[in-house]
Amino acid sequence: MTEKPATDSIITLRDLRFAWPRGHDVLEIPLLQVARGERLFLQGPSGSGKSTLLGLLGGVLIPQHGSIEVLGQSLEKFSGSLRDRFRADHIGFVFQMFNLLPYLSLIENITLPCRFSPTRAKRAQANGGSLQDEATRLLRELGLDATALNQRSTSELSVGQQQRVAVARALIGAPEILIADEPTSALDSDTRVSFLKLLFDECTRVGTTLIFVSHDLGLAPLFSRTLKLAAINRAGSFATATAA
């Protein structure tokens with residue numbers, strides 16, 4: 001299967017190859033493009049290279065061959081510090097385990113990206129008046145009451161509440177791209193659908209491109225495009241066999 005070119009591409013991968021040290025190629029992708037504002041569902045089983053691909057898109061990893069162009073910038077040409085700054089300014093992450101910090105308050109967890117990115121801090125303040133106001137607004141849009149919850153440790157929140165805090169953290173400062181790595185795996189099917197609606201609404205409001213990674217194809221119809229990693233990854237057959 002050949003990946004179709006995207007209109008107004010925000011991400012373009014070309015001739016990409018990545019392998020861990022002393023290992024076979026995990027990813028070999030001739031072409032992948034993601035359009036600005038798209039809601040992309042990326043599906044693949046455990047061990048297929050999904051998390052590795054996310055690391056490459058976020059500039060955490062660099063390929064042995066090929067190019068990764070994000071927002072017109074070639075990430076493989078950046079130094080490590082420049083990739084860190086680019087990621088902080090332009091990409092929000094929602095992790096599978098949420099990665100909230102129990103020693104920070106609810107609001108401090110959400111505003112954490114703004115400590116590392118003056119760009120996102122300025123956007124958040126322009127939208128909300130202050131970082132705290134914008135964090136509170138995001139929580140309200142996601143169905144949580146900041147006043148009622150802010151005195152509680154994030155470890156005392158329910159899974160659904162932690163999930164929404166993690167999304168608010170990823171969205172603060174309106175990053176152009178949001179990458180979500182299996183964030184609904186701990187939720188039941190009804191809660192997953194309602195959560196995704198909230199996520200879509202907020203991404204649409206701020207114009208954020210969403211890349212949502214999951215093994216659960218039941219969620220695919222909710223997205224504007226579904227892409228199976230095995231369909232574009234020439235190394236996928238080996239990775240899947242290794243994981244089996």
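Everything quoted here is computed from the prediction, not taken from an experiment. The analysis underlying the following values was restricted to heavy atoms, covering all of them including side chains, and did not include hydrogens, waters or symmetry mates.
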Q | Criterion salt bridge (charged side-chain N to carboxylate O under 4.0 Å, His left out) on Glu76 and Arg83, from CA distance to verdict | A | CA-CA 9 Å; Glu76 77 280 358; Arg83 292 198 308 276; over 6 Å; no

Q) How many angstroms lie between atom SG of Cys203 and atom CD1 of Ile177, to the nearest 0.5 angstrom? A) 11.5 Å

Q) Thinking salt bridges, do Arg123 and Glu176 make one under a 4.0 Å N-O criterion? A) yes

Q: Could you tell me whether the side chain of Arg17 reaches within less than 4.5 Å of the side chain of Pro63, counting heavy atoms only?
A: no

Q. Is any side-chain heavy atom of Arg152 less than 4.5 Å from a side-chain heavy atom of Leu157?
A. yes

**Q.** Connected hydrophobic set around Phe116, excluding itself, where side chains approach under 4.5 Å
**A.** Leu101, Tyr103, Leu104, Leu112

**Q.** CD-OG distance between Glu182 and Ser214, expressed to the nearest 0.5 angstrom
**A.** 4.0 Å

Q: Report yes if some heavy atom in the side chain of Leu32 is under 4.5 Å from a heavy atom in the side chain of Thr12; otherwise report no.
A: no

Q. Taking C-beta and beyond as the side chain, do Arg169 and Leu138 meet within less than 4.5 Å on heavy atoms?
A. no

Q: Return the orientation label for the Phe93 and Phe95 ring planes: parallel under 30°, perpendicular over 60°, tilted otherwise.
A: parallel

Q: Indicate the ring-plane relationship of Phe212 and Phe223, choosing parallel, tilted or perpendicular according to the 30° and 60° boundaries.
A: tilted

Q) Is Arg225 close enough and on-axis enough to Phe41, meaning under 6.0 Å and within 45°, for cation-pi? A) no

Q) Are Glu202 and Arg137 close enough for a salt bridge, meaning some N to O gap below 4.0 Å? A) yes

Q. Hey, does Leu53 have a side-chain heavy atom less than 4.5 Å from the side chain of Leu229?
A. yes

Q. Salt-bridged, Asp181 to Lys50, with N to O below 4.0 Å?
A. no

Q) Tell me, do Leu198 and Arg164 make a side-chain contact under 4.5 Å, heavy atoms counted? A) yes

Q: Supply the atom-to-atom distance Leu199 CG to Gln163 CD, rounded to the nearest 0.5 angstrom.
A: 8.5 Å

Q: May I ask you to decide whether Asp201 forms a salt bridge with Arg205, counting only side-chain N to carboxylate O separations under 4.0 Å?
A: no

Q: Show your working on side chain to side chain contact (heavy atoms under 4.5 Å, CB included) between Glu134 and Ile172 and close with a plain yes or no.
A: CA-CA 7 Å; Glu134 177 63 358; Ile172 196 165; 4.0 Å; yes

Q. Should Phe98 and Asn109 count as side-chain neighbours, where that means a heavy-atom distance under 4.5 Å?
A. no

Q | Val26 vs Trp20 side-chain heavy atoms within contact, under 4.5 Å | A | yes

(Q) Please report the interatomic distance OG1(Thr147) to CZ(Arg140), rounded to the nearest 0.5 Å. (A) 9.5 Å

Q. Side chains of Ser117 and Arg87: is there a donor and an acceptor less than 3.5 Å apart?
A. no

